[in-house]
J.: 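I have a structure I would like to understand better, so I am pasting it below and will then ask my questions one at a time.
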2 protein chains.
Amino acid sequence: MTEQPAQTTTAGDPATARGEQTRQLIRDTAMRLFRERGYAQTTMRAIAQEAGVSVGNAYYYFGSKDHLIQEFYAQSQVEHRASAQPVLDREEAFGPRLAGVLHAGIDVLTPSHGFAATFFKTAAEPTSPLSPFSAESSGPRQAAIDLFGEVLAGSTAKVDAELRPQLPELLWLAYMGVVLYWVHDRSPGQTKTRQLIDGAVPLIDRLVALSRLRVLRPVTRQALDLIRTLRH
Amino acid sequence: MTEQPAQTTTAGDPATARGEQTRQLIRDTAMRLFRERGYAQTTMRAIAQEAGVSVGNAYYYFGSKDHLIQEFYAQSQVEHRASAQPVLDREEAFGPRLAGVLHAGIDVLTPSHGFAATFFKTAAEPTSPLSPFSAESSGPRQAAIDLFGEVLAGSTAKVDAELRPQLPELLWLAYMGVVLYWVHDRSPGQTKTRQLIDGAVPLIDRLVALSRLRVLRPVTRQALDLIRTLRH
DNA sequence: GTCGGTAGTTGAACACGTTCAAGAAGGGCG
DNA sequence: CGCCCTTCTTGAACGTGTTCAACTACCGAC
């Protein structure tokens with residue numbers, strides 16, 4: 001439609017540059033329609049028509065309708081990382097850092113609450129490449145875990161030596177729990193989820209501090225052993 | 001096909017007795033095919049054909065393919081309750097009671113691991129009536145929570161007075177976590193899930209006992225307050 | 001016995017996600 | 001320019017879950 005020079009705007013991978021703008025066009029159209037109508041109500045035919053391509057062409061770039069979700073997934077992760085940066089720069093204490101990063105994650109997701117909720121079912125399926133535990137999404141997952149690693153590393157918190165290496169992954173798991181709650185949260189503006197974060201963070205903060213307590217050492221060790229056993 | 005007397009075998013609700021055996025026939029056929037071929041590979045047409053009815057007739061009894069899952073759900077709950085009974089009769093200590101009931105739940109689910117895993121995605125969708133948190137499944141859910149109430153009530157465990165009323169629901173939530181792990185468990189025979197139960201139960205047992213400890217009182221209270229706030 | 005209404009049943013039709021054989025576009029190379 | 005190969009694009013066709021207007025079977029009332 002629009003006339004443009006030979007080189008792509010983003011100047012990405014030159015080996016696959018040819019269809020790149022078509023790919024982005026389809027992706028952006030899909031994201032828009034998902035937001036406007038919801039996931040189930042957006043048909044592949046509608047996406048193709050609005051993007052001005054054929055149905056089959058959409059399938060050339062995205063193996064299935066679900067794969068379009070993965071696009072959303074990756075995009076959200078990047079936005080989360082970016083919107084968490086100010087918090088990591090500003091805060092020093094563990095609690096505020098964690099709370100800030102969790103809130104930032106929900107901030108990013110909030111505009112898509114309606115349709116994100118619908119598609120999270122796909123993410124829950126173990127066989128799906130969309131599962132946050134799957135190998136296919138290990139990239140975004142590791143990035144997310146690393147983000148919580150930064151939360152911890154940049155903080156002044158004193159953490160039990162045995163707990164420390166496991167903590168980022170545990171915090172990520174807690175974040176998954178927050179997202180799960182958010183998905184089911186029907187309160188206006190998902191305020192309950194905000195309460196969950198604000199309530200759970202001091203609790204986590206406290207528990208992390210308590211993990212160094214003598215009485216709790218055996219429990220801590222027991223729990224960590226279990227986690228190590230269960231990791232695949 | 002087969003000749004039978006006027007009264008139904010189960011002699012259930014007389015008001016809706018007429019189509020009851022057709023309903024059961026469709027349900028049983030669906031469950032069998034789900035087990036044999038998996039959920040996605042079983043078509044509504046195949047169910048109808050094998051049951052010897054028309055496709056539309058299956059939809060007369062079950063609003064959607066998903067609703068057939070709910071049937072599996074309810075059935076599993078009943079079986080769980082039944083297979084947990086010996087444990088509740090035999091054991092007196094909290095730990096063994098809890099472990100026994102959790103293992104019983106997985107025992108019931110195990111033959112269906114293949115297809116149950118696939119359909120749990122539907123249960124994760126918040127808008128779905130299949131969600132364990134939804135109003136539609138409040139019946140089975142309450143029954144399940146009550147089961148954990150029995151685990152606690154019949155035990156000799158000493159529990160913090162404030163924690164006690166919340167504990168059955170928390171234990172059910174933990175059970176949901178076990179099921180979630182089981183769904184993703186690819187280890188042969190799902191042995192990892194068994195390890196999870198055997199590892200987590202002593203931990204829970206220990207934490208419940210510790211909840212009465214003075215140092216932990218504030219944390220316990222803080223956590224319980226949060227939970228009460230978040231319940232809808 | 002006949003009538004009427006409810007419960008049950010049917011199969012064709014619809015919209016959807018997905019596939020695929022066929023073709024078009026583009027570019028390197030003689 | 002002509003050739004070939006890869007990349008990209010198309011739209012018809014398939015199988016699926018679901019709907020629905022029409023039909024049949026039953027059963028109580030008159």
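The chains referred to below are lettered A, B, ... by the order of the sequence lines, with proteins before strands, and numbering in each begins at 1. These numbers come from a predicted model, not from an experiment. Just the heavy atoms: all of them, side chains too, but no hydrogens, waters or symmetry mates, feed the values below.
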J.: Between B/R90 and B/Q85, does any side-chain donor sit less than 3.5 Å from a side-chain acceptor?
T.: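 Judged by distance alone, the side chains do not pair up.
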
J.: If we ignore angles and hydrogens, is there a donor and acceptor under 3.5 Å between the side chains of A/H103 and A/D198?
T.: yes

J.: Give the rounded distance in Å between these two atoms: CD1 of A/I26 and C1' of D/dT10.
T.: 13 Å

J.: Give a yes/no on whether any side-chain N or O of A/N57 is located under 4.0 angstrom from OP1 or OP2 of D/dC8.
T.: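 Checking A/N57 against D/dC8: no side-chain N or O falls below 4.0 Å of OP1 or OP2.
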
J.: According to salt bridge (charged side-chain N to carboxylate O under 4.0 Å, His left out), does anything in residues 36-61 of chain B pair up with another residue at least two apart or in another chain? List the pairs.
T.: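 Salt bridge (charged side-chain N to carboxylate O under 4.0 Å, His left out) check on residues 36-61 of chain B returns B/R32-B/E36, B/R32-B/E50.
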
J.: Under a plain distance cut-off of 3.5 Å, with no hydrogens placed, do A/S64 and A/D66 share a side-chain donor-acceptor pair?
T.: no

J.: What is the distance, to the nearest angstrom, from the CG atom on A/L25 to the C1' atom on D/dT9?
T.: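 Atom-to-atom, A/L25 to D/dT9, this comes out as 14 Å.
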
J.: May I ask you to evaluate whether B/Y60 reaches the phosphate of C/dT9, defined as a side-chain N or O under 4.0 Å from OP1 or OP2?
T.: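 So the side chain of B/Y60 is outside the cut-off, no N or O lying under 4.0 Å from OP1 or OP2 of C/dT9.
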
J.: Whole-Å distance between C/dG17 P and A/I69 CD1?
T.: 12 Å

J.: How would nucleotides 14-19 of chain D be written as a contact map, 5' to 3', with B for base contact, S for sugar-phosphate-only contact and - for no contact, using protein heavy atoms under 4.0 Å?
T.: --BBBB

J.: Output every pair passing salt bridge (charged side-chain N to carboxylate O under 4.0 Å, His left out) with a member in residues 51-62 of chain A, not counting sequence neighbours, ordered by first then second residue.
T.: none

J.: When all nucleic acid strands are considered with a 4.0 Å heavy-atom cut-off, which category describes A/Y61: base, sugar-phosphate, or nothing?
T.: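 The residue A/Y61 makes sugar-phosphate contact but no base contact.
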
J.: Treating B/H80 as the side-chain partner and B/V101 as the backbone partner, does any N or O pair qualify as donor plus acceptor under 3.5 Å?
T.: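 A pair under 3.5 Å: yes.
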
J.: In whole Å, I'd like the distance from the CG atom of A/L68 to the C1' atom of C/dG17.
T.: 12 Å

